[in-house]
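Accompanying notes for the structure given below.
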Amino acid sequence: MSRYYVTTAINYPNGAPHIGHAYEAVATDWLARFARLDGRDVRFLTGTDEHGLKIAQAARAAGIDPRRYVDGMVERFVAMADRLAISRDRFIRTTDPDHVRAAQALWQRMADAGDLYLDRYAGWYSVRDEAFYAEEETIVQPDGTRVGPTGTPVAWMEEESWFFRLSRFTEPLLDLYARQPEFVQPASRLNEMRAFVERGLKDLSVSRTSFDWGVPVPGAPGHVMYVWVDALSNYLTGAGFPESGYERWWPADLHVIGKDIVRFHAVYWPAFLMSAGLPLPARIFGHGFVLYRGEKMSKSAGNVVEPLALAEHYGVDPFRFFLLRAIAFGQDGEWSHEAIVARVNAELANDLGNLAQRTLSMIAKAGGRVPAHGEAGPQEKALAERAGALLSTCRAAHAAVRPDLALEAIMDMVGHLNLYLSERAPWSLRKTDPAAADGVLRHAAEGIRRCAILLQPAMPERMARLLDLLGVPEDRREFKDLDTDLQTGAELPAPVGLFPRVEPPQPERETSQAV
RNA sequence: GGCGGGGUAGCUCAGCUGGUGAGAGCGCAGGAUUCAUAACCCUGAGGUCGCGGGUUCAAGUCCCGCCCCCGCUACCA
């Protein structure tokens, strides 16, 4: 049985989960659920990245210790995962004891390889921005004070730090990109990474002494790991590293991440692993952002919408469907209430929901049992051929990390099923040739069954209900069951609507009426 | 500035190595139908394929120039 270890990035819990977090979680959940239904042995990891200066400061500002602070914040991320039906096998926290051990074990391997050395990290530091700036980013003002790009004063700071010999990995990384171009996707991201590495790599500062909210560096009191060593190693922790048996899951098949952190995953991470003598993940996929009317959501723009509010309003599954279907995975996409309403009403209410409803209600009127197959004419054969190709199309989309393409193919099938009903008009056939009408309904029902099975990764709850309505046993809902027909004569429950039409929320009294 | 990607119907986008009248979905208009969630089905309107040159029997599809948009260009994650 083929194995599939897939991860999301871990989230920094210094604010509420937003639609971007939801998007990545839902997309990765689709990948994991798809692989499970396809009979693969799946491990799906998601979680939170809880160390670092910002968390420590936020906790201090709140007057509580960091651990209590993150406990409170992490709850919201777990709640989102629960509400959005994210089928993770583990929700990892970088504060988990086994993660601390894993990060330290990785560190030790890098140290043993001779790739870590103690030096000084120096640069222009802005206390207000909590950031170091390169010399050329700073400006000396007329009054002699030096300021950073944000206009805040900077001062020369030096700090003892452990460094990682990243420079040593320039050639190995370029080799990796050349030999395994699918390592970073989309391909445009690989190009960027290649260009970045080709400029040459400088060694990387990987520890800090200025704060202590982090994983202690083994054998170096006062040092905590720079957050990326800590954060990236979560993928190893999730596989069980360094305990024996971690090879069952490591290396990961796929890291799903946002396009903004591709460099850390496509450059630093493989370098760390190469240093540690560990195998590399098969693939890194950097997805795009979900924008609101072309802009990133921000508190100042006043357009922050909680993903759970959208799930609540439109339904979890329709919301998931929208995210997966409406955005080409890898590109930026936009959401708006109008876009969700249009997509959900057109494809879920009008097409899929109505298809199920019209088919099931005709069956109900004809006795409420799975009708017998009729003769397969040219239309039925064409339909069967189309249905038969669906799985391989979806598998290809899964392999390419393109849930949108899988859903497009399934919805195309839904469209053809509606067309099929219109052409064969079983409601008319019923009057002249009831057996033929039954046959048409049976063909339609089987087509719906296939679509429902393949749509489960996107809409687990609604498709479970649809499969219930079709009388598909719970142990006949995997991809290997696609060719297992319904049982003729089986009694079906009374049909109920699955996808009511949706409307945008009531506008909250626009303040820009007469501007 | 350097490197890379992109500008095609109102909207979101397909259009591989140049070749039958430039496409899809949504939206819009009309029609048909009534099994169904005012849904499904059919038809239609709508495009100087960013701008200007050039190569070619033939160019969204190749070449040159220009305009605009986006991404990357290391230690906040």
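At the heavy-atom level, A/Leu419 lies under 4.0 Å from the strands shown only through sugar-phosphate atoms. Using a 4.0 Å heavy-atom distance criterion, A/Arg501 is classed as a base contact. Within the nucleic acid shown, A/Leu201 comes within 4.0 Å of at least one base atom, counting heavy atoms only. Within the nucleic acid shown, A/Leu498 comes within 4.0 Å of at least one base atom, counting heavy atoms only. Using a 4.0 Å heavy-atom criterion, one finds that A/Leu166 contacts the bases of the nucleic acid, with or without backbone contacts as well. Nucleic acid contact for A/Gly288: none, since no nucleic acid atom lies under 4.0 Å from a heavy atom of the residue. Backbone-only engagement by A/Asp49 is indicated by non-hydrogen atom pairs under 4.0 Å involving sugar-phosphate atoms exclusively. Within the nucleic acid shown, A/Tyr121 comes within 4.0 Å of at least one base atom, counting heavy atoms only.
Note: CG (A/Asp404) to P (B/A14) measures 11 Å, nearest angstrom. Between the CD atom of A/Glu338 and the P atom of B/G10 there is a distance of 20 Å, given to the nearest Å. For the pair A/His51 NE2 and B/A77 P, the computed distance is 13 Å after rounding to whole Å. Atom pair A/Ile55:CD1 and B/C76:P shows a separation of 16 Å (rounding to whole Å applied). Whole-Å rounding puts the A/Glu423 CD to B/C35 P distance at 18 Å. B/G71 atom C1' lies 12 Å from atom CD of A/Gln331, rounded to whole Å. When rounded to the nearest whole Å, the span between CZ of A/Arg424 and P of B/U33 equals 20 Å. Atoms CG (A/Leu204) and P (B/C76) sit 10 Å apart, rounded to a whole Å.
Residue pairs meeting the salt bridge (charged side-chain N to carboxylate O under 4.0 Å, His left out) criterion with at least one member in residues 192-202 of chain A, sequence neighbours excluded: A/Arg189-A/Glu192.
Taking atom C1' in both B/U12 and B/A38, the straight-line distance is 26 Å, to the nearest Å. Comparing the P positions of B/U20 and B/G4 gives a spacing of 31 Å, expressed to the nearest Å. Rounded to the nearest Å, the gap between the P atom of B/C62 and that of B/A14 is 16 Å. B/G60 and B/G15: their C1' atoms are spaced 8 Å apart (whole Å). B/C26 and B/C70 have their C1' atoms separated by 25 Å, given to the nearest Å. Going from the P atom of B/G6 to that of B/U17 covers 11 Å, rounded to whole Å. B/U61 sits 11 Å from B/C51 when the P atoms are compared, rounded to a whole Å. Comparing B/U43 with B/A32, their P atoms sit 15 Å apart, to the nearest whole Å.
Taking the side chain of A/Trp228 as heavy atoms from C-beta on, and the options B/C41, B/A74, B/A77, the nearest nucleotide is B/A77. Side chain of A/Arg263, nearest nucleotide from B/A36, B/A74, B/C75: B/A74.
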Check: Could you spell out the base pairing of RNA chain B in dot-bracket, with Watson-Crick or G-U pairs whose two distances are under 3.5 Å, [ ] crossing and | to another strand?
Finding: (((((((..((((.....[...)))).((((.........)))).....(((((..]....))))))))))))....
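For the segment residues 185-196 of chain A, residues with any heavy atom less than 4.0 angstrom from an atom of RNA chain B are, sorted by number, A/Arg189, A/Glu192, A/Phe196.
Residues A/Arg120 and A/Ser161 bring no donor and acceptor atom of their side chains to less than 3.5 Å of each other. A donor-acceptor contact closer than 3.5 angstrom links the side chains of A/Ser167 and A/Asp203.
Annotation: side-chain hydrogen bond (donor to acceptor under 3.5 Å, both in side chains) contacts of A/Asp332 (sequence neighbours excluded): A/Lys259. Listed by chain and number, the residues in a salt bridge (charged side-chain N to carboxylate O under 4.0 Å, His left out) with A/Glu491 are A/Arg369 (sequence neighbours excluded). Considering only residues two or more places apart in sequence or on other chains, A/Glu50 meets the salt bridge (charged side-chain N to carboxylate O under 4.0 Å, His left out) condition with A/Arg93. Qualifying salt bridge (charged side-chain N to carboxylate O under 4.0 Å, His left out) partners for A/Arg325, counting only residues two or more places apart in sequence or in other chains: A/Glu347. Annotation: side-chain contact (heavy atoms from CB on, under 4.5 Å) contacts of A/Ala339 (sequence neighbours excluded): A/Phe322, A/Ser336. In this structure, the side-chain hydrogen bond (donor to acceptor under 3.5 Å, both in side chains) partners of A/Ser207, at least two apart in sequence or on a different chain, are A/His223. In this structure A/Arg449 satisfies the salt bridge (charged side-chain N to carboxylate O under 4.0 Å, His left out) test together with A/Glu446, A/Asp485, sequence neighbours excluded.
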Taking only N/O atoms, report every protein-nucleotides 22-26 of chain B pair under 3.5 Å with atom names and distance.
none

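Side-chain atoms of A/Asn354 come within donor-acceptor range of the base of B/A36, with a qualifying N/O pair under 3.5 Å.
Mapped onto RNA chain B by nearest heavy atom, A/Asp332 and A/Lys202 fall at different nucleotides, with A/Asp332 at the one closer to the 5' end. For the pair A/Asn418 and A/Gln357, both in contact range of RNA chain B, the more 5′-proximal nearest nucleotide belongs to A/Gln357.
Shortest non-hydrogen contact noted between A/Arg465 and A/Leu498 is CB-CD2, 3.8 Å.
The shortest side-chain heavy-atom distance between A/Phe183 and A/Met193 does not fall under the 4.5 Å cut-off.
Glycosidic conformation of B/G31 is anti; the angle lies outside 90° of 0. Glycosidic conformation of B/G60: syn, with the torsion inside 90° of 0.
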Could you list the donor-acceptor pairs under 3.5 angstrom formed by side chains in residues 225-233 of chain A, with sequence neighbours left out?
| from | atom 1 | to | atom 2 | distance (Å) |
| --- | --- | --- | --- | --- |
| A/Asp230 | OD1 | A/His99 | NE2 | 2.7 |
| A/Ser233 | OG | A/Val229 | O | 3.0 |
| A/Ser233 | OG | A/Asp230 | O | 2.8 |

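One finds the CZ atom of A/Phe77 at 5.0 Å from the CG atom of A/Asn11 (value rounded to the nearest 0.5 Å).
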